[in-house]
Amino acid sequence: MINPEEFLVFLKERRSIRSYLDKPIPEKEIEMILEAGRWTPSASNKQPWEFLVIRDKELLRSISKKAFYGLHIKRAPLAIAIVGKIKENPYYYIQDTSFVSMSMMLMAWSLGIGTCWIGALERDVVKEMLGLDESDYLLTILPMGYIKGAIPQPPMRKSLSQITREI
Ligand SMILES: Cc1cc2nc3c(=O)[nH]c(=O)nc-3n(C[C@H](O)[C@H](O)[C@H](O)COP(=O)(O)O)c2cc1C
């Protein structure tokens with residue numbers, strides 16, 4: 001088990017990273033990130049997902065052009081596309097794959113690898129680039145790389161009193 005105090009600090013210190021070193025990520029570390037995804041909980045344990053590891057520079061460049069706030073995708077040595085298999089669980093594929101993305105981001109962070117959730121994406125176009133089936137849902141593309149430069153300051157969080165109430 002992880003020390004809870006340290007775990008909370010770890011969660012607070014994770015940042016979205018948009019600048020990456022031009023340094024390959026070792027296979028062992030990629031595998032650990034994928035394993036973290038594989039061990040994510042899912043509704044009825046259906047695991048309605050697929051992970052695509054993208055290293056092709058040209059493809060990363062093309063994807064970045066279809067992401068409104070994702071220019072950094074083309075600067076990453078690698079990205080993982082998280083795909084929801086709608087047919088395998090039409091009710092919970094979004095929740096399940098969203099949890100996967102968090103597992104992967106946290107695993108990456110523990111390895112000193114920065115990631116950034118890409119939301120604003122022309123999903124249909126990118127789906128085609130990735131050769132995905134019409135029935136697949138492209139949740140996000142997570143660009144990944146060792147952190148270049150300083151870790152950004154934490155963006156403001158609402159206070160607990162703003163977002164919590166006793167009922
Ligand atoms: C659903 C979702 C969509 C996001 N989309 C983008 C995006 O398209 N481009 C980007 O640069 N960051 C994106 N982000 C990252 C957020 O901007 C970031 O998580 C937030 O500002 C808090 O910063 P932090 O992750 O460093 O704590 C997204 C995050 C989430 C959870």
Q) So how far is it from T97 OG1 to Y92 OH, rounded to the nearest 0.5 Å? A) 14.0 Å
Q. Rest of the hydrophobic cluster containing V125 (Ile/Leu/Val/Met/Phe/Trp/Tyr, side-chain heavy atoms under 4.5 Å)?
A. L52, I54, L59, L60, I63, I73, V83, I118, L121, V126, M129, L130, L132, L138, I141
Q: May I have the step-by-step check of side-chain contact (heavy atoms from CB on, under 4.5 Å) for H72 and C116, ending in yes or no?
A: CA-CA 9 Å; H72 45 289; C116 180; 3.6 Å; yes
Please output the side-chain donor-acceptor pairs of residues 9-23 that fall under 3.5 Å, not counting sequence neighbours, one pair per line with the distance.
| from | atom 1 | to | atom 2 | distance (Å) |
| --- | --- | --- | --- | --- |
| R15 | NH1 | K12 | O | 2.9 |
| Y20 | OH | I17 | O | 2.6 |

Throw together a table of side-chain donor-acceptor distances under 3.5 angstrom for residues 144-163, partners on residues two or more places apart or in other chains.
| from | atom 1 | to | atom 2 | distance (Å) |
| --- | --- | --- | --- | --- |
| Y146 | OH | E29 | OE1 | 2.7 |
| S159 | OG | S161 | OG | 3.1 |
| S159 | OG | Q162 | N | 3.3 |
| S159 | OG | Q162 | OE1 | 3.4 |
| Q162 | OE1 | S159 | N | 2.8 |

Q. Taking only residues two or more places apart in sequence, or in another chain, which ones meet Y93 in a ring pair (Phe, Tyr, Trp, His ring centres under 6.0 Å)?
A. Y137
Q: Quick one: pull up NZ in K127 and CD in E122 and give me the separation to the nearest 0.5 Å.
A: 13.5 Å
(Q) Which residues end up grouped with F68 if you chain together Ile, Leu, Val, Met, Phe, Trp and Tyr wherever their side-chain heavy atoms are less than 4.5 Å apart? (A) Y69
Donor-acceptor list for residues 104-115 side chains, cut-off 3.5 Å, not counting sequence neighbours:
| from | atom 1 | to | atom 2 | distance (Å) |
| --- | --- | --- | --- | --- |
| S110 | OG | M107 | O | 2.7 |

Q.
Listing request: all salt bridge (charged side-chain N to carboxylate O under 4.0 Å, His left out) pairs with a residue in residues 83-101, at least two apart in sequence or in separate chains.
A. E50-K85, K85-D136
Q.
Return the OG to CG distance between S42 and N89, rounded to the nearest 0.5 Å.
A. 8.0 Å
Q. What pairs with S101 under side chain to side chain donor-acceptor pair (under 3.5 Å), at least two apart in sequence or on another chain?
A. W117
Q: Could you pull out all residues at least two apart from N45 that satisfy side chain to side chain donor-acceptor pair (under 3.5 Å)?
A: Q47
Q) Can you list every pair that meets salt bridge (charged side-chain N to carboxylate O under 4.0 Å, His left out) and has a residue in residues 53-66, with sequence neighbours left out? A) E27-R55, E58-R61
**Q.** By side chain to side chain donor-acceptor pair (under 3.5 Å) - contacts of D133 (at least two apart)
**A.** S135
Q. Should L139 and S98 count as side-chain neighbours, where that means a heavy-atom distance under 4.5 Å?
A. yes
Side-chain donor/acceptor pairs under 3.5 Å, residues 31-40, sequence neighbours excluded:
| from | atom 1 | to | atom 2 | distance (Å) |
| --- | --- | --- | --- | --- |
| E35 | OE1 | R38 | NH2 | 3.2 |
| E35 | OE2 | R38 | NE | 2.6 |
| E35 | OE2 | R38 | NH2 | 3.3 |
| T40 | OG1 | A36 | O | 3.1 |
| T40 | OG1 | G37 | O | 2.9 |
| T40 | OG1 | S103 | OG | 2.8 |

